[in-house]
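When reading the values below, keep in mind they use all heavy atoms of this one structure, side chains included, and skip hydrogens, waters and symmetry mates. Since the model is a prediction, treat every value here as computed from it, not as a measurement. Sequence positions, counted from 1, serve as the residue numbers for this chain.
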Amino acid sequence: MSDGFVGSDDPAYEAKVLMISVAARMAGMHPQTLRQYDRLGLVQAGRAAGGGRRYSVRDVVLLREVQRLSQDEGVNLAGVKRIIALERLLEQAQQRVARLEAELDAAYRRIAELEALGGFPRGDLVPTNRTSTALVVWRPRRTDR
């Protein structure tokens, strides 16, 4: 969703510094609507030292999305809350996948470095120096004891 604000990777995007009147104006809503959405758990406002609600740019973007879903798409507020929760889960899963892919890439790079040093035969992570000709006989344990 394009919001026209600072990038979501900018720390200012998450800073809860906007007073309720400013956030409401930016979202195109009445401040009482923001209070109701906070009570319903759709948008979590921060609190100033005096107890007043504070919102971030991210919150304003979310408020606009709540308004779009409820007014343009006809989704009730319970549905909007569920959509928001699922989008958060998806975002967390995508971040985890990206982190795991980076770790996997690093592991492959490390394997390639070790192979380049010549200490490891291709495809074998644990080198073996000798071949065993030992014969191992397996006998099942008796269960009648």
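Contact check for M26 versus Y55: no side-chain heavy atoms found under the 4.5 Å cut-off. Here the side chains of I84 and V66 are in contact, with some heavy-atom distance below 4.5 Å. The closest side-chain heavy-atom distance from I83 to E87 is below 4.5 Å. At least one side-chain heavy atom of L34 sits less than 4.5 Å from a side-chain heavy atom of L63.
The local environment of CZ in R39 is crowded, with over 12 non-hydrogen atoms from other residues, nucleotides or ligands closer than 6.0 Å. At most 12 heavy atoms of other shown residues, nucleotides or ligands fall within 6.0 angstrom of atom CZ in R82.
For S70 against V80, the heavy-atom pair with the smallest separation is N-CG2, 4.3 Å.
Atom CD of Q92 is separated from atom CD of Q94 by 10.5 Å, given to the nearest 0.5 angstrom. To the nearest 0.5 Å, the span separating CD on E73 from CD on E65 amounts to 8.5 Å. Here D38 contributes atom CG and R47 contributes atom CZ; the two are 6.0 Å apart, rounded to the nearest 0.5 Å. Atom CG in L42 sits 5.5 Å away from atom CG in L77 (nearest 0.5 Å).
Although no hydrogens or angles enter the test, the distance criterion places no donor-acceptor pair under 3.5 Å between the side chain of K16 and the main chain of D59. A distance-only check finds a donor-acceptor pair linking the side chain of K81 to the backbone of L40 [under 3.5 Å].
By the salt bridge (charged side-chain N to carboxylate O under 4.0 Å, His left out) test, R54 pairs with no residue at all, sequence neighbours left out.
For residues 98-109, there are no salt bridge (Lys or Arg N to Asp or Glu O under 4.0 Å) pairs, not counting sequence neighbours.
Residues E91 and R88 are not paired through a salt bridge, judged by the lack of any N-O separation under 4.0 Å between the basic side chain and the carboxylate.
No side-chain donor from either of R64 and Q67 sits under 3.5 Å from a side-chain acceptor of the other.
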